[in-house]
Amino acid sequence: MLAALSLDVVPLWVVVLAKSGFVLFVVVTTFAYAMLFERKIMAWMQLRPGPNRVGPWGLMQPAADAAKMMFKEDLTPSTADPFIYRFAPWISLATAMGVFAVIPFSETSGGLWSIGNVNSGILFVFALTSIGVYGISLAGWSSGSKYPLLGSVRSTAQMISYELAMTMSVIGVLILAGTTSFAGIVHAQAKWWFVLPQFVGFIVYIITAVAETNRAPFDLVEAETELVGGFHTEYSGLRFGLFFIAEYLNMIAVACVATLLFFGGWNPPFGLTVIPGIVWFLLKDGFFIFIYIWLRTTLPRLRYDRLMAFGWKVLLPVATLNLMVTAAIVAFGG
Amino acid sequence: MLGGFFAGVLALIQGFFTTFSFFFKRKPTIAYPSVKKQHAPRFHGLHELRRYADGKERCIGCELCAIACPANAITVIGAENTPDDRRSPGERYAARYEIDELRCIFCGLCEEACPTDAIVLTPRFEMSDYRRGSFVYAKDRLLVPPDAGVGMAPDERPNGIPADLGSVIEQKSTVDIEEGYSATWRGTILKTERKGLAG
């Protein structure tokens, strides 16, 4: 459908703009309902009914939240660095949205369903998520108060330590697939999903992805019991909303990447080709989002030193070992 | 060390199973404004001033409720009945009867003190309002409207005391209020006969 737009008569920039607009719309809508989905699932797991006042089954809740967020006062503390303070949320949002530029959602005979078919998509994604840290750490630093600063210091340390293990866990997949392009990785999983040969890598990826998106049980960055609101303590109104969107988009993005790398992307399981690839992709994506929400309801927040110890002393060695074994098997076995 | 690892993984699986099983459980929440919980008849809510079957007010303006009130929430100003304008069967009636529902602690002592069963606590509990002044309920809101029966009788309520705690006996005593007036104080006391509780 998206690929069908790339007719020769239409200039490329129009095609890219149209695709971007469409993907952005879909992704932001997904964000809104991912938020409702999370609140509902968390509520049900905590024996509450969850949002059910706005619209049938609370389905209009995201719209109500958005309206509330927009009409709230946008405060800038007098101690803040005004330019960076106002700019930081946009870094977070832009990097979170940028990830979706290279993610292929499905493939038909017309071509790949993605905005840009980058041949090293996974590197692009890691590069963007690394820049995304700047949004959080600059926000905390420029707020000019202590809790945001603590949050941003934590965020930076956490990102550095978990990104290493995350990258290591993904390299195993890249070795098996022999390519860094998402389409190539998915094609390599036509027979077997990489979750089977790369099970250790999969587990490490799932854990580090939670830390990467600053979600519970690794949400030390915004630990409200210790740091009020962490890096976004001083933010209000729409700017707070931008961080909120960015966090959820990051969650959706890591779920997409997990689907592409480990769950065979749009490849149907058991040869069920009747159902189109996009449906499989969305189902797998939804499954991962559910896992993240389930994690959040189940596990308590880690202590900060244990978080760091876990990242450096457990995840990184395990991921490195997994990588070495995979490399050895591919080099000598196949 | 490996044993600790497996114990940890097992604990994780148990935790995940617990939250997942709760996902399907019945939610105990009552959707309050649309679904209202049925309160027990003995629930202590908003007050009501009762009437006799002939429409006369039960309240005789004795102010015993105001004296009994631990929160000083009740103000009663009595007045004499005149032959042309008999409000209550007795000699006096309450010219003004006001209860500050913000002060009230809904203990029900006014109800127990009342010699004529005039003041009664009903199970009504929704009295939120926007102004403080509107929480002072006067006779216009407390008294049962003349066309709405006599009001709720306190005797209709179960006393709600578990049988194994002892038995409830009714005690009546007569109190002299003023010269020439007497009122019956009627209340329930709990006789603790159960072993260990006596004395």
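Only this structure's heavy atoms are used, side chains among them; waters, hydrogens and symmetry mates stay out. Protein chains get the first letters and strands the later ones, always in sequence-line order, with residue 1 at the start of each.
Counting heavy-atom neighbours within 6.0 Å of A:Tyr33 OH, excluding the residue itself, gives a total above 12. In the displayed structure, A:Phe199 atom CZ is contacted under 6.0 Å by at most 12 heavy atoms of other residues, nucleotides or ligands. Heavy-atom neighbours of B:Met127 CE from other residues, nucleotides or ligands within 6.0 Å: above the threshold of 12. The environment of CZ in B:Arg86 is crowded: more than 12 heavy-atom neighbours from other residues, nucleotides or ligands sit within 6.0 Å.
Within the model, atoms CZ of B:Phe22 and OG1 of A:Thr297 stand 11.5 Å from one another, a figure rounded to the nearest 0.5 Å.
When all heavy atoms are compared, the tightest approach of A:Arg48 to B:Lys27 is O-CD, 3.5 Å.
Heavy-atom proximity under 4.5 angstrom to chain B picks out A:Ile41, A:Trp44 from residues 35-44 of chain A.
Residue pairs meeting the side chain to side chain donor-acceptor pair (under 3.5 Å) criterion with at least one partner in residues 7-21 of chain B, sequence neighbours excluded, are A:Trp294-B:Thr19, A:Thr298-B:Thr19. Counting only residues at least two apart or in different chains, side chain to side chain donor-acceptor pair (under 3.5 Å) contacts with residues 310-327 of chain A comprise A:Gln198-A:Asn322, A:Gln198-A:Thr326.
For A:Tyr162, the ring pair (Phe, Tyr, Trp, His ring centres under 6.0 Å) test picks out A:Phe218, with sequence neighbours left out.
There is no contact between B:Phe24 and chain A, counting heavy-atom distances below 4.5 Å. Contacts of A:Leu299 with chain B are made by side-chain atoms alone, with heavy-atom separations under 4.5 Å and no backbone atom involved.
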